[in-house]
Amino acid sequence: MHKQTICKRCIIDNIVYPDITFDKNGICDICNIFDNWNKTNQKLSDTQKHNALQNQINEIKKVSKKNEYDCILGLSGGVDSSYLALLAKDWGLNPLLVHIDNCWNSEFAVSNIEKVIDYTGFDLYTYVVHWKEIRDLDLAFLYASVVDTDLPNEMPFVAMLYKLAKKFKVKHILTGYNNNSEGWMPPNVTHYKLDTLNIRAIHKKFGKVKLKTYPTIGPFMVFYFEQILGIHYINPLDLINFNKNTAKLILQEKIKWNDYGDKHCENIFTRFYQSYILPTKFNIDKRKFHLSSLICSGQISRDKALSIIKNPVYSNSFLFNEDFEFFLKKLKLSEKDFMHIMNTPIKKHTDYPSYINYYNFFKPIYKPIKNMFRKIRII
Ligand SMILES: [Zn+2]
């Protein structure tokens, strides 16, 4: 293993991100990506951001005048989306809350969703993914030995939000995504989220169950939804100087919201994947990325982040034992088979058919095409 070299500003190192580069001051390329985003965003003063948000809210209300709902809001029960739902109420919006249940919800997620509904009075639409199909996909991805094992669990979320927006005739999908706490993840940690080709190929090779209802959406369909139907994702938290700790305190005070720990750990598959499979098999501690984006946005000090990272990823061994047992039992996986998966050499997503090379090729020209379609729609 290489000698550890760590960024002087955040806590990302060459272990968790082998292709990391540093500038002459020892600052990593991910910090630079964050700064570039921030420069564009910081061009706007607080008043300008407030006005931009107000314009966005007015636009949502204007285009949905005759509809029952004015937008769709994806709700996981996590801090970002729960907080966004409370804000939507303050803004006078009437979203349809959509929860995609991939059968791995923790009890925290379920209870938080109920609390958000009680407080806001918004309607909730829950889509439950067919368990036998998602189980088969989860197992296929585990056997495929690729880093983004969580990809099949995320795909229905993206797909159903677009499909439900079309069904309920709304043009805007609100999500709790925000650059301040999500940050940018390199390709050794995550994979292209619309790679239906990769999902189908891995399932074909390792799956056993026929996929009849599993919702998917690939890049071409997203183009159709965005550019032809004019349905768009928007991330309002980027316009409000979002601070995760403040949001948690407000949620706890207003709705007695439950804190479930680390990012995205409201879901048991994600929790076990991020806290055990990723660090053990792939040598990736995702907390380094989440904490680094909080450092770059001034929400936590580097020293505090370094002290957090010294603790084991699983906060206690009782929770680990509970999750380990639950994970195996739910997937009907023996301990021997799981250990075999953990010891199988790592494969790249591109060892299987994938859209990623097409995506990288079209990425630079996608924006001008998008703008062209936008102009056509305006005309
Ligand atoms: Zn850095």
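Computed over heavy atoms, backbone and side chain alike; hydrogens, waters and symmetry mates excluded. As the structure lists them, so they are numbered: ligands from 1, and atoms in each ligand from 1.
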- prompt: Yes or no on ring pair (Phe, Tyr, Trp, His ring centres under 6.0 Å) for Tyr276 and Phe320, after CA distance, side-chain angles and deciding distance?
  reply: CA-CA 8 Å; Tyr276 184 73; Phe320 167 73; 5.1 Å; yes
Report, one line per pair, each donor and acceptor closer than 3.5 Å where one atom sits in a side chain of residues 150-160; sequence neighbours left out.
residue : atom : partner : partner atom : Å
Asp150  : OD1  : Asn153  : ND2          : 2.9
Asp150  : OD2  : Thr270  : OG1          : 3.0
Asn153  : ND2  : Asp138  : OD1          : 3.4
Glu154  : OE1  : Lys193  : NZ           : 3.0

query: With side chains defined as the heavy atoms from C-beta onward, is the minimum distance between Leu174 and Pro236 less than 4.5 Å?
result: yes
- request: Quick one: list whatever passes side-chain hydrogen bond (donor to acceptor under 3.5 Å, both in side chains) with Tyr69, sequence neighbours left out.
  value: Asp123
task: Just the protein N/O/S atoms under 2.8 Å from the Zn ion (ligand 1), please, no waters.
output: Cys7 SG, Cys10 SG, Cys28 SG, Cys31 SG
field: Ring geometry between Tyr143 and His340 (parallel below 30°, tilted from 30 to 60°, perpendicular above 60°)
entry: tilted
Quick one: side chains of residues 94-103, donor-acceptor pairs under 3.5 Å with protein atoms, not counting sequence neighbours, listed by atom name and distance.
residue : atom : partner : partner atom : Å
Asn94   : ND2  : Glu68   : O            : 2.9
His99   : ND1  : Leu75   : O            : 2.7
His99   : NE2  : Asn105  : ND2          : 2.9
Asp101  : OD1  : Cys103  : N            : 2.8
Asn102  : OD1  : Trp104  : N            : 3.1
Asn102  : OD1  : Asn267  : ND2          : 3.1

